[in-house]
Amino acid sequence: MQNRLLSLDVFRGMTVAAMILVNNPGDWEHVYAPLLHAHWHGCTPTDLIFPFFLFIVGVSISFAMAKTTPSIPKIIKRSAILFGLGLFLNLYPKFDFANVRIPGVLQRIALVYLVCSLIFIKTSRNTQIITTVILLTAYWLLMTLVPVPGIGYANLEPTTNLGAWVDRNLLTTAHLWRSAKVWDPEGIFSTLPAIGTGMLGVLTGQWLRSQRTDAEKMAWLFLSGNALIIGGLIWNEFFPINKSLWTSSFVLYAGGWAMVALAICYWLIDVQGYRRWTTPFVAFGVNAITVFFLSGVIPRTLPLFKINTPEGPLGSQVWMQKNLISVWFNNPYNASLAGALTFITIWFVILYVMYKKGIIIKV
């Protein structure tokens with residue numbers, strides 16, 4: 001069985017390109033609803049992007065570690081580097097250590113990679129399934145049954161749920177998401193079910209590595225994905241689908257869609273051989289962490305360079321959006337989307353050159 005799936009690189013590339021798209025609109029005041037996160041309960045296409053990436057991390061673990069098992073210190077080292085890169089993004093450019101947000105996207109990827117890797121190399125497939133079920137069930141029971149200290153009852157509200165209480169007490173409000181201060185969408189407690197998302201990927205990777213026929217693999221992956229989607233929707237009636245809380249129903253729902261998406265990519269690319277269109281996404285996929293990290297650094301850097309205008313000094317990104325992009329559009333939402341697509345296009349040119357030259361920056 002091959003150690004690398006082209007479809008997985010394409011799926012990863014699609015996911016990281018989507019991450020950049022939703023994280024970098026030309027104007028945050030004018031963003032189409034599907035490109036925003038759900039306000040609380042519910043799920044938009046944007047809410048699926050991060051769990052897709054964690055799912056892909058899990059699939060990659062199954063392929064990368066199936067034949068050559070890395071040492072535990074090496075796994076820990078890679079996790080620490082990912083966590084450090086995420087912490088750097090939160091610090092940059094002010095480096096205010098007293099108020100730095102500790103959780104974050106790369107930090108969660110680091111923790112999920114660490115735990116899923118250790119589970120994969122140390123346990124059997126059956127144990128991995130049981131562990132995933134226990135994680136999701138325990139999180140559901142804790143969030144819905146345990147009274148929150150200081151509140152007196154279990155609830156799923158943004159500021160008073162058990163996860164928010166745990167994060168505030170472990171990290172303090174100075175080190176949580178700046179927009180909320182009293183809770184964090186990538187907090188410590190909600191990382192537990194996020195590990196479940198990674199484990200769904202680990203289990204999927206093992207299925208794809210099996211000796212079954214391509215038709216069997218694709219069919220069962222597609223059916224399993226749809227079963228998880230339905231399971232998530234049923235669980236939603238008792239434990240609402242919520243990306244910020246990373247509820248167990250959200251894990252099933254998003255994981256199901258990830259399985260369906262990967263099944264389609266696998267069938268089209270690896271089985272049927274439709275590969276001509278894949279190069280742009282492969283270019284993003286093979287340097288996914290690099291482009292995600294740098295696409296976070298650049299928007300934090302551009303506002304440092306001011307341009308004087310009759311209305312006063314503007315950050316260079318705002319100036320470029322206003323004078324180079326928005327002038328071509330009557331609809332500000334289209335202008336904002338064009339700004340995001342321009343950013344992605346610039347990155348594609350850079351990544352395409354790197355891909356053609358065989359430059360892959362691994363973490």
Side-chain angles (χ1 to χ4, degrees), residues 1-24 32 34-35 45-46 48-64 66 201 204-205 207-226 254-295 334 337-363:
M1 177 68 191
Q2 71 263 41
N3 287 316
R4 194 174 191 101
L5 286 178
L6 180 60
S7 56
L8 186 62
D9 284 332
V10 171
F11 187 28
R12 186 189 297 110
M14 289 177 171
T15 302
V16 76
M19 274 186 174
I20 296 171
L21 176 71
V22 301
N23 287 340
N24 297 278
Y32 284 113
L35 301 179
T46 296
L48 295 176
I49 295 171
F50 192 17
F52 276 19
F53 198 88
L54 292 184
F55 175 86
I56 291 165
V57 168
V59 178
S60 300
I61 287 170
S62 292
F63 275 84
T204 298
W207 174 256
L208 289 173
R209 282 190 55 81
S210 70
Q211 298 302 313
R212 293 171 177 82
T213 66
D214 289 329
E216 285 180 301
K217 292 176 186 177
M218 196 281 297
W220 279 104
L221 189 57
F222 189 81
L223 289 173
S224 298
N226 278 281
W257 280 115
M259 285 186 185
V260 169
L262 181 56
I264 293 171
C265 288
Y266 178 74
W267 182 252
L268 288 175
I269 299 167
D270 289 305
V271 178
Q272 297 299 316
Y274 296 112
R275 301 184 176 190
R276 290 186 179 181
W277 58 277
T278 62
T279 301
F281 299 110
V282 175
F284 273 94
V286 296
N287 275 302
I289 295 296
T290 300
V291 66
F292 179 79
F293 174 74
L294 292 178
S295 69
N334 289 341
L337 179 58
L341 292 173
T342 300
F343 192 57
I344 289 177
T345 301
I346 293 171
W347 269 115
F348 166 66
V349 173
I350 296 170
L351 293 169
Y352 180 76
V353 172
M354 292 174 64
Y355 175 65
K356 286 298 183 181
K357 290 183 176 294
I359 301 173
I360 299 175
I361 301 175
K362 295 184 177 182
V363 175

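Just so you know, residue 1 is the first one in the sequence shown, and it goes up from there.
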Q | Over 12 non-hydrogen atoms of neighbours within 6.0 angstrom of CZ in Phe222 | A | no
Q. What is the distance from atom CD1 of Ile359 to atom OG1 of Thr290, rounded to the nearest 0.5 Å?
A. 11.0 Å
Q. So does Arg212 have more than 12 non-hydrogen atoms from other groups sitting under 6.0 Å from CZ?
A. no
Q: Please name the residue in the list Asp214, Leu221, Leu6 that meets the side chain to side chain contact (heavy atoms under 4.5 Å, CB included) test with Tyr266.
A: Asp214
Q) Side-chain donor-acceptor pair under 3.5 Å between Asn287 and Tyr355, yes or no? A) no
Q.
So for atom CH2, which belongs to Trp207, do other residues, nucleotides or ligands contribute more than 12 heavy atoms lying within a distance under 6.0 Å?
A. yes
(Q) What's the separation between atom NZ in Lys362 and atom CD1 in Ile289, rounded to the nearest 0.5 Å? (A) 13.5 Å
(Q) Listing request: all side-chain hydrogen bond (donor to acceptor under 3.5 Å, both in side chains) pairs with a residue in residues 50-60, at least two apart in sequence or in separate chains. (A) Arg12-Ser60
Q.
What's the separation between atom CD1 in Ile56 and atom CG in Leu262, rounded to the nearest 0.5 Å?
A. 7.5 Å
Q: In sequence, state the C-alpha distance, the side-chain angles, and the governing distance for Leu5 and Phe11, and then conclude on side-chain contact (heavy atoms from CB on, under 4.5 Å).
A: CA-CA 10 Å; Leu5 286 178; Phe11 187 28; over 6 Å; no
Q. Are Ile49 and Phe53 close enough, and set up right, to give a side-chain contact (heavy atoms from CB on, under 4.5 Å), and what steps lead you there?
A. CA-CA 6 Å; Ile49 295 171; Phe53 198 88; 6.0 Å; no
Q | Stepwise side-chain contact (heavy atoms from CB on, under 4.5 Å) check, Met354 with Ile361 | A | CA-CA 9 Å; Met354 292 174 64; Ile361 301 175; 4.0 Å; yes
Q.
Are there over 12 heavy-atom neighbours, none belonging to Tyr32, within less than 6.0 Å of that residue's OH?
A. yes
Q) Atom OG1 in Thr278, atom CE in Met14: separation rounded to 0.5 Å? A) 9.0 Å
Q: Kindly check if the number of other-residue, nucleotide or ligand heavy atoms within 6.0 Å of CH2 (Trp257) is above 12?
A: no
Q: Determine the minimum heavy-atom distance between Val10 and Phe281, stating which atoms define it.
A: O-CB, 3.8 Å
Q | Phe292 side, atom CZ; Met19 side, atom CE - distance, nearest 0.5 Å | A | 5.5 Å
Q: Can you measure from CG (Leu8) to OG1 (Thr15) and round to the nearest 0.5 angstrom?
A: 9.0 Å
Q | Parallel, tilted or perpendicular: rings of Phe348 and Phe284 (30°, 60°) | A | parallel
